[in-house]
2 protein chains.
Amino acid sequence: MRFILKPRFACYIRTRIHRATDLAKAKRILKWQRDPAGMRLRILQAAKQEFSAHGLAGARVDRIAANAGANKRMLYYHVGKKDDLYLAVLEGAYEQIRVEERSLDLEHLDPPKAIERLIDFTWNYFIRNPEFLALLNTENLARARHLKRSTKVKSMHSPFVEMIRTVVRRGVESGDFVVAVDPVQLYISIAALCFFYLSNSATLSVIFGRDLLSKEARDERLAHMVALVLAALTGKSMAAFGRNKAPRLRAAAAQPVEAK
Amino acid sequence: MRFILKPRFACYIRTRIHRATDLAKAKRILKWQRDPAGMRLRILQAAKQEFSAHGLAGARVDRIAANAGANKRMLYYHVGKKDDLYLAVLEGAYEQIRVEERSLDLEHLDPPKAIERLIDFTWNYFIRNPEFLALLNTENLARARHLKRSTKVKSMHSPFVEMIRTVVRRGVESGDFVVAVDPVQLYISIAALCFFYLSNSATLSVIFGRDLLSKEARDERLAHMVALVLAALTGKSMAAFGRNKAPRLRAAAAQPVEAK
DNA sequence: CTAGAAATTAACCCGTTGGATAAATACTGT
DNA sequence: ACAGTATTTATCCAACGGGTTAATTTCTAG
């Protein structure tokens with residue numbers, strides 16, 4: 001007997017009968033192990049990829065199965081129909097970001113530093129999790145039809161609004177901030193500045209004729225966002241928060257050479 | 001002879017033969033008018049609706065035909081296959097916004113007023129054209145695959161970057177603005193603040209448990225955005241640009257009653 | 001050891017959907 | 001009038017894709 005590992009998933013073991021006498025029947029006997037938990041995980045991972053890459057309607061159940069190294073039937077067995085699968089992925093995505101959000105403590109940073117930290121986290125979380133952005137866009141295209149049915153997500157409140165509220169209060173008290181801005185608006189604004197740039201980087205890159213995801217472009221963007229928000233909150237000049245002058249490549253960028 | 005108007009489109013006229021002798025053959029003779037230009041328009045309009053409502057993969061060619069009051073064959077005759085139709089819609093959408101953008105002259109407004117005007121335009125354009133937001137999201141989900149092939153869109157530069165550049169320069173010279181911010185970054189930031197809020201209003205409304213598209217919510221948002229950007233540019237306090245304190249409903253909003 | 005439950009594979013079903021073909025009808029210039 | 005072309009209608013179809021049914025294999029409790 002010889003054991004051959006299936007290329008992608010070590011849990012599947014093919015057993016080949018050596019010198020089989022009855023080729024027609026026992027030409028190749030496949031064996032497999034049970035691993036419901038692992039299977040479910042791989043299915044959800046593959047589904048996340050698929051849905052974020054193609055949207056809900058564009059996603060293909062067969063592709064999810066294939067990428068999960070599973071039989072299509074497994075999706076229905078472990079999770080449910082396509083819509084259920086999608087919702088499970090969405091809920092998982094929200095759960096994940098909520099967990100990471102909670103790990104961020106802004107309480108004992110001085111207010112401007114706390115806001116900077118918040119922007120930095122949001123920015124990098126989005127960069128590290130592009131699927132999250134895609135999923136949100138897909139869900140909004142569906143007018144949050146699925147999210148509305150999810151009591152699970154509705155109960156997972158972001159801790160950021162309250163964090164921001166206390167940070168802003170402290171900032172105003174300490175004199176660092178000049179205005180008691182609405183925490184919900186600020187939260188949305190910070191998310192907006194990060195989200196839009198990354199989520200729309202593909203079309204924006206075409207329009208501007210340059211790569212918005214290069215290291216320099218990303219660094220420049222982060223600096224701009226931090227300066228914008230902190231300047232508004234503190235009443236200081238944007239220039240006070242790092243380099244923010246128009247860099248050298250601006251003039252060229254406005255007239256991309258290739259166009260027409 | 002009797003003329004009966006087809007319910008949806010007046011250009012189609014049904015002619016019924018009165019007292020027809022041969023019922024089998026001439027039971028109902030349909031007549032129609034030619035209107036290639038109008039037909040093309042209706043097709044593109046219907047396609048815009050369909051693609052923005054369902055995305056590229058979710059869009060149904062048959063539905064587009066039906067909503068255009070056309071035979072499915074007409075889509076292929078006048079525009080092309082599904083992908084061509086989609087690209088035509090996308091190009092049309094960009095063309096439309098570019099036209100309106102050009103009609104906005106910021107040249108002879110004083111700089112802060114010009115920026116406010118810019119934000120106001122962007123905000124209201126997005127509100128008036130939700131399909132545009134949806135189309136952009138769809139195209140970004142496809143990583144701008146179609147846009148890249150469109151020389152047409154690439155050649156349609158937004159006049160806003162240059163407008164902002166001159167406005168910022170004037171603002172710095174006049175002393176209204178305290179920083180020579182990069183016009184591309186500012187353009188993206190303004191778009192971001194407006195776009196994200198509206199594009200993601202469905203999921204955000206669920207998360208926050210209230211309607212972000214109500215008149216009050218929209219007004220509040222616009223005021224916040226203007227204050228944020230102008231405060232950063234002018235170095236004045238956000239409070240100087242209209243009411244921006246946390247309104248009365250904030251506390252309730254953080255704890256939506258229905259959750260759980 | 002063994003029976004029954006849990007997990008997985010294999011094969012099939014059938015409505016949908018993008019796209020194509022062919023025929024019919026309206027318009028235009030001469 | 002009429003011929004030829006532009007526009008529109010009416011059918012058809014093959015591939016796809018979500019979902020299901022049934023059989024097969026592994027695991028576990030007793």
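A quick note: this is a predicted structure, and the numbers were derived from the prediction, not measured.
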Q: Closest-nucleotide mapping onto DNA chain C: is B:Arg60 or A:Pro36 further toward the 5' terminus? I mean the 5' end.
A: A:Pro36
Q: Just the rounded figure in Å: distance from P of C:dG29 to CZ of B:Arg34.
A: 11 Å
Q: At under 4.0 Å between heavy atoms, what does A:Ala59 touch on the DNA or RNA strands: base, sugar-phosphate, or nothing?
A: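 Answer is sugar-phosphate: A:Ala59 comes under 4.0 Å of backbone atoms only.
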Q: Classify A:Ala57 by what it touches in the nucleic acid, base, sugar-phosphate, or nothing, heavy-atom distance under 4.0 Å.
A: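 Nothing: the residue A:Ala57, judged by heavy atoms under 4.0 Å, touches no strand.
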Q: Expressed in angstrom and rounded to an integer, what is the separation of A:Met39 atom CE from D:dT25 atom C1'?
A: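 Value for this atom pair: 13 Å.
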Q: For the pair made of CG in B:Leu56 and C1' in C:dT17, what is the distance, rounded to whole Å?
A: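 Nearest whole value for this atom pair: 14 Å.
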Q: So which atom in B:Glu101 and which in B:Ser158 form the shortest heavy-atom distance, rounded to 0.1 Å?
A: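 Reported closest heavy-atom pair: OE1-OG, 3.0 Å.
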Q: Between the side chains of A:Ser201 and B:Arg143, does any donor sit under 3.5 Å from an acceptor?
A: no
Q: Do B:Glu139 and A:Thr203 have a side chain donor and acceptor closer than 3.5 Å?
A: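 Note: B:Glu139 and A:Thr203 side chains miss the donor-acceptor criterion.
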Q: May I ask you to verify whether the side chain of A:Asp35 and the base of C:dA7 hold a donor-acceptor pair under 3.5 Å?
A: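 No.
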Q: Check B:Phe196, B:Tyr197, B:Phe195 against B:Phe126 for a ring pair (Phe, Tyr, Trp, His ring centres under 6.0 Å) and give me the one that passes.
A: B:Phe195
Q: Taking NZ from A:Lys82 and P from D:dC16, how many angstroms apart are they, rounded to a whole number?
A: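 Those two atoms, NZ and P, are 16 Å apart.
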Q: Find the distance A:Met74:CE to D:dG18:P and express it as a whole number of Å.
A: 17 Å
Q: D:dT25 C1' sits how many Å from A:Arg73 CZ, rounded?
A: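 My rounded result for the distance is 15 Å.
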Q: Got a donor-acceptor pair under 3.5 Å from the side chain of B:Lys72 to the base of C:dG18?
A: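 Yes, the side chain and the base share a sub-3.5 Å donor-acceptor pair.
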Q: Quick check against the 3.5 Å criterion: does B:Asn140 have a side-chain atom that pairs as donor or acceptor with the backbone of B:Asn137?
A: no
Q: Using whole Å, report how far CH2 of A:Trp32 lies from C1' of C:dT9.
A: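 It works out to 8 Å between those atoms.
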Q: Tell me whether the side-chain N/O atoms of B:His78 come closer than 4.0 Å to OP1 or OP2 in D:dA6.
A: no
Q: Using whole Å, what does the distance between atom P of nucleotide D:dT5 and atom OH of B:Tyr77 come to?
A: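 Value for this atom pair: 12 Å.
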